[in-house]
Each structure stands twice: as structure tokens, then as C-alpha cells.
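For reference, the structure discussed in these notes is given below.
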Amino acid sequence: QVQLVESGGGLVQAGGSLRLSCTASGRTFTNYDMGWFRQAPGKEREFVAQISRNGGWTAYADSVKGRFTLSRDNAKNTVYLRMNSLKPEDTAVYYCAAKGYFVPGTMATMSPKDERLYWGQGTQVTVSS
């Protein structure tokens, strides 16, 4: 199965920016739609963004639309989540996710417990007010 490793989290002031990276290995990268979820303390893991395997289609949660941008570099087996205008409510552990392109539906409609989703170990993002 595909292995995912995230990087780029940290502490930032409200209004600031961060870029998260997720590098995949173990399987053909272009066979996977990629995305990000996040989980704040005491809350369930929630969808953030998804990008199709060729990068031609993206989807975002309403809470991040217009502030976050998801892209991928298939030559580097990496996806990037650019986060601008960060808010304290964006504080969470951010998890990279992968879904085989042949799995129907979008990540936004899948339960985070769905075994067809593959996960990284997570990276902490903390936004101070």
C-alpha cells in the first residue's frame, strides 16, 4: 500500500501562512487522488481538501475555501497544501490522505474510518491569536 509522510507544520500567528507537504512512496503516485483532513482536540477528523490524480480537479471544505490551495507535483510524488490567512480555528493535526482513483465518491463524502483511505502520521499546525 502507499506510504505517506507529512511535513511543514508549526506555530504561526493568525493571518500568517504555512505550506504542508506530503510525499508518497510504495505505489504509483498517479493512481491516487490525494487530500488532507484535520483533527482538532476533542473533535472528529474532518475533510479539508482533495486533488485528483492528474491535478485537474480540486475540492475544498467551505471553511478553508479561498484561503487554502492544494497542488501536486507528480514528478516528486508530493502534494502541497498552501494555507493563507490562518485563523486560530485552523489549529489541528493535519493528516495527508490517499484514495485509489477507482474508489467511487470524493473524500468529502467518505468517513475518515473508511479503510480505503490511507493516512500519514499527521503534522501539528497551531495558529495563535
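What you are looking at is a predicted structure, and each value in this text was computed from that prediction instead of being measured.
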Side chain Asn54, main chain Asn74, donor-acceptor under 3.5 Å: no
Mind checking whether Val79 and Trp36 have side chains closer than 4.5 Å, heavy atoms only? yes
Stepwise side-chain contact (heavy atoms from CB on, under 4.5 Å) test for Leu4 and Met34: CA-CA 10 Å; Leu4 306 173; Met34 300 295 296; 3.8 Å; yes
Please test Asn84 against Ser17 for side chain to side chain donor-acceptor pair (under 3.5 Å), starting from the C-alpha separation and ending with a verdict. CA-CA 4 Å; Asn84 295 330; Ser17 298; 2.9 Å; yes
Compare every heavy atom of Ser52 with every heavy atom of Arg72, then report the nearest pair and how far apart it is. NH1-O, 2.9 Å
What's the shortest heavy-atom distance between Ala92 and Arg38, and which atoms? CB-CB, 3.8 Å
What's the spacing between Tyr101 OH and Asn31 CG if we round to 0.5 Å? 5.5 Å
Are Leu11 and Leu18 connected in a single hydrophobic cluster, I mean Ile/Leu/Val/Met/Phe/Trp/Tyr linked by side-chain heavy atoms less than 4.5 Å apart? no
Linking I/L/V/M/F/W/Y whenever any side-chain heavy atoms sit under 4.5 Å apart, do Phe102 and Leu117 land together? yes
Check the angle between the aromatic planes of Tyr94 and Phe68 and answer parallel, tilted or perpendicular using the 30° and 60° thresholds. tilted
Side chains of Arg67 and Asp90 in contact at under 4.5 Å (non-hydrogen atoms): yes
Within the 4.5 Å heavy-atom criterion, are Tyr32 and Arg27 side-chain neighbours or not? yes
Using side-chain heavy atoms (C-beta onward) and a distance below 4.5 Å, is Trp57 in contact with Gln50? yes
Please tell me whether Tyr80 and Phe47 are part of a single hydrophobic cluster in this structure, the criterion being side-chain heavy atoms less than 4.5 Å apart. no
Between the main-chain N or O of Gln121 and the side-chain N or O of Glu6, is there a donor-acceptor pair closer than 3.5 Å? yes
So which atom in Gly9 and which in Val125 form the shortest heavy-atom distance, rounded to 0.1 Å? CA-CG2, 4.2 Å
For Leu70 versus Ile51, what's the shortest heavy-atom pair and its separation? CD2-N, 3.5 Å
May I ask you to check whether over 12 heavy atoms, not counting those of Lys43, lie within 6.0 Å of atom NZ? no
Any side-chain heavy atom of Cys96 sitting closer than 4.5 Å to one from Trp119? no
Closest heavy-atom contact between Arg45 and Gln39? NE-OE1, 3.4 Å
Tell me whether Tyr118 is reachable from Leu20 by hopping between hydrophobic residues (I, L, V, M, F, W, Y) whose side-chain heavy atoms are closer than 4.5 Å. yes
Non-hydrogen side-chain atoms of Tyr60 and Thr69 separated by less than 4.5 Å: yes
Keeping Thr91 on the side-chain end and Val127 on the backbone end, is there a donor-acceptor pair under 3.5 Å? yes
On a heavy-atom basis, which atom in Gly120 and which in Tyr95 lie closest, and how many Å separate them? O-CD2, 3.7 Å
May I ask you to decide if Gln1's main-chain N or O and Gln3's side chain share a donor-acceptor pair within less than 3.5 Å? yes
Any donor-acceptor pair under 3.5 Å from Asp114 side chain to Ser111 backbone: no
Step-by-step side-chain contact (heavy atoms from CB on, under 4.5 Å) determination, Val103 to Met110: CA-CA 10 Å; Val103 174; Met110 296 175 72; 4.3 Å; yes
Any chance you could measure Ser129, atom OG, to Lys87, atom NZ, to the nearest 0.5 Å? 14.0 Å
